[in-house]
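Let me begin by presenting the structure, written as structure tokens, before commenting on it.
Note that the structure is predicted; figures quoted are calculated from it, not measured.
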Amino acid sequence: MPIQVPEALATSLVDFFGARGRAWADRLPALASEVADRWELRIDGAPAHGVVGLVLPVRRADGTGAVLKLQPVDEETAGEPLALRAWDGRGAARLLDHDPATGAMLLERLDPARSLLALPDDLAATAVLADLLGELTQHQAPSGLRTLADIADAMLAEVPQARGAVTGEADRRLLADLAAAVREVRPEPGDRLLHGDLHFGNVLAPAAPGARAPWLAIDPKPLAGDPGFELLPALQNRWSDLAATGDLPRALRRRFDLMTDRLALDRDRAVRWTLGRVLQNVLWGVADGAVAIDESQRVIALALLGR
Ligand SMILES: Nc1ncnc2c1ncn2[C@@H]1O[C@H](COP(=O)(O)OP(=O)(O)O)[C@@H](O)[C@H]1O
Ligand SMILES: [Mg+2]
């Protein structure tokens, strides 16, 4: 039986990639069955998906469980197999097979019902995530990944135009502050293998008991750079836990300090790279037509700037 592409995934593929996304969604059932045949996989469960990827639970010929991940290959996703191979199961799901022609990946199966979103205490979840980041960023980045140096240069080149697009004076000033922060750290962009999207939903418990580690990362959008650039996904995720404290800036700084302490990062540099990540989000928003800085990004930036 051909697989069904979840409606929400088809919609989000079109939002993301336009006509190319539609064509990809249409071809997904045929692609899934081609790859499953080639790798001798039997589909045995309902598909999961994120924004652009379809994840199918499968059984291999030897009976072991795995998942098949199919997603369009672009600048962000192209590095996923490179990073997973470099980690080789240390801190992340294992890459069992990869087809460069289609980007299809066969991955070690973890437990999608148990992510760091499910830990009741968000600070305990933050501590786990920080320790995992420490493990993942111990590696020098393999060649072939995009670099934070290039990303920073591209962002700085876009800032003048974005300043013209943003309407409020306070937002324009904040945009200038974000750019100034990036300029300060740009001379030392770092060379670590960064995960690029380590939020709580991208850390899962293993499917099998007695596994090698209690938590493993999935879904890298990797790059080479400074680990300070890794912290924003964990600040903006589980936002309602931060809001529930009644003091967002304080709760954000607590999470941030917990991560920088556990990772032994220089706090000032980490603040600047995190502001760089906020700048990236602001520029993406402006490219999508926004004329103001998103509220959560503004709150994060001001909390880190101590205002
Ligand atoms: N190795 C895995 N084992 C089990 N489930 C997985 C695995 N990888 C992904 N999933 C499930 O698929 C969802 C989407 O996969 P993910 O790799 O995070 O892609 P996206 O980039 O679309 O967020 C995850 O949130 C999880 O529920
Ligand atoms: Mg994900």
Exercise. Taking a hydrophobic cluster as the set of Ile, Leu, Val, Met, Phe, Trp and Tyr residues connected by side-chain heavy atoms closer than 4.5 Å, whether directly or through intermediates, do Leu305 and Val166 fall within one such cluster?
Worked result: yes

| said: Whether the side chain of Thr137 engages the backbone of Leu133 through a donor-acceptor N/O pair (distance < 3.5 Å, no angle test) should be reported. | reply: yes

Closest non-hydrogen contact found for Ala32 with Ile3 is CB-CG1, 3.9 Å

Requested in this report: Using the side chain to side chain contact (heavy atoms under 4.5 Å, CB included) rule, take Gln140 and Leu193 through it: C-alpha gap first, then chi angles, then the decisive distance, then the call.
Outcome: CA-CA 5 Å; Gln140 190 175 346; Leu193 171 53; over 6 Å; no

Interatomic distance, CD@Glu230 vs CG@Leu194, rounded to 0.5 Å, equals 4.5 Å

For the pair Arg146 (side chain) and Pro222 (backbone), establish whether a donor and an acceptor sit closer than 3.5 Å, ignoring hydrogens and angles. yes

Where does the angle between the aromatic ring planes of Trp273 and Phe229 fall among parallel (under 30°), tilted (30 to 60°) and perpendicular (over 60°)?
perpendicular

On a heavy-atom basis, the closest approach of His139 and Ala86 is CE1-O, 3.7 Å

Check whether any side-chain N or O of Arg267 sits under 3.5 Å from a backbone N or O of Asp257 as a donor-acceptor pair, and report yes or no.
no

- Look at the side-chain heavy atoms of Ile, Leu, Val, Met, Phe, Trp and Tyr, link any pair under 4.5 Å apart, and say whether Leu117 and Val203 land in one connected group. yes

One should read off an interatomic distance between Leu252 CG and Gln236 CD, to the nearest 0.5 angstrom, of 10.0 Å

Residues passing the side chain to side chain donor-acceptor pair (under 3.5 Å) test with Asp261, sequence neighbours excluded, are none

Item to complete: Say whether, by atom type as modelled, one donor and one acceptor occur between the side chain of Trp87 and the main chain of Leu136 under 3.5 angstrom.
Response: yes

**Message:** Within the supplied structure, the quantity of interest is the number of heavy atoms (other residues, nucleotides, ligands) at a distance under 6.0 Å from Arg254 CZ; does it exceed 12?
**Reply:** no

Here the gap from Glu188 atom CD to Arg272 atom CZ, rounded to the nearest 0.5 Å, amounts to 12.0 Å

Salt bridge check, Arg114 against Asp111: does any charged N sit closer than 4.0 Å to a carboxylate O? yes

*asked:* I'd like to check Val58 versus Trp39 (side-chain heavy atoms, cut-off strictly below 4.5 Å). Are they in contact?
replied: no

For Gly63 and Arg59, the nearest pair of non-hydrogen atoms, with its separation, is O-NH1, 2.8 Å

Between the CG atom in Leu110 and the CZ atom in Arg94, the distance rounded to the nearest 0.5 Å is 10.5 Å

A side-chain contact here means heavy atoms from C-beta on lying under 4.5 Å apart; do Val52 and Glu76 qualify? no

**Report entry** Residue pair Gln161, Glu158: steps toward the side chain to side chain contact (heavy atoms under 4.5 Å, CB included) verdict
**Finding:** CA-CA 6 Å; Gln161 210 192 338; Glu158 277 180 51; 5.7 Å; no

Closest non-hydrogen contact found for Leu106 with Arg60 is CD2-NE, 3.6 Å

Rounded to the nearest 0.5 Å, the OG1 atom of Thr126 sits from the CZ atom of Arg238 at a distance of 7.5 Å

**Item:** Side-chain donor or acceptor of Arg163 paired with backbone N/O of Leu175 under 3.5 Å
**Value:** no

*Can any side-chain N or O of His195 pair as donor or acceptor with the backbone N or O of Asp197 at less than 3.5 Å?*
yes

* **Any donor-acceptor pair under 3.5 Å from Asp171 side chain to Ala292 backbone** => no

Check your understanding: Quick check: does any side chain N or O of Asp99 sit under 3.5 Å from a backbone N or O of Val35, one acting as donor and the other as acceptor?
Key -> no

Check your understanding: Does Arg192 use its side chain to pair, donor to acceptor, with the backbone of Pro227 at less than 3.5 Å?
Key -> no

*Would Asp177 and Arg173 pass as an ion pair if we require N to O under 4.0 Å?*
no

Q. When hydrophobic residues are tied together by side-chain contacts of less than 4.5 Å, even through go-betweens, does Trp215 share a cluster with Ile218?
A. no

_Between Thr77 and Asp74: side-chain donor-acceptor atoms closer than 3.5 Å_ = yes

Checklist line | Enclosure of Arg38 CZ (heavy-atom neighbours >12, cutoff 6.0 Å) | finding: yes

Taking every heavy atom of Met155 against every heavy atom of Val182, the minimum-distance pair comes out as CE-CG2, 4.4 Å

(Q) Main chain of Leu174, side chain of Arg298: is a donor-acceptor contact present, judged purely on distance under 3.5 Å? (A) no

So CG of Asn281 and OG of Ser296: to nearest 0.5 Å the spacing works out to 8.0 Å

Between Asp226 and Arg269 the two heavy atoms that sit nearest each other are OD2-NH2, 3.2 Å

Salt bridge (charged side-chain N to carboxylate O under 4.0 Å, His left out) filter on Glu7, not counting sequence neighbours, yields none

Are Leu204 and Leu54 connected in the hydrophobic side-chain network, where two residues link if heavy atoms are under 4.5 Å apart? no

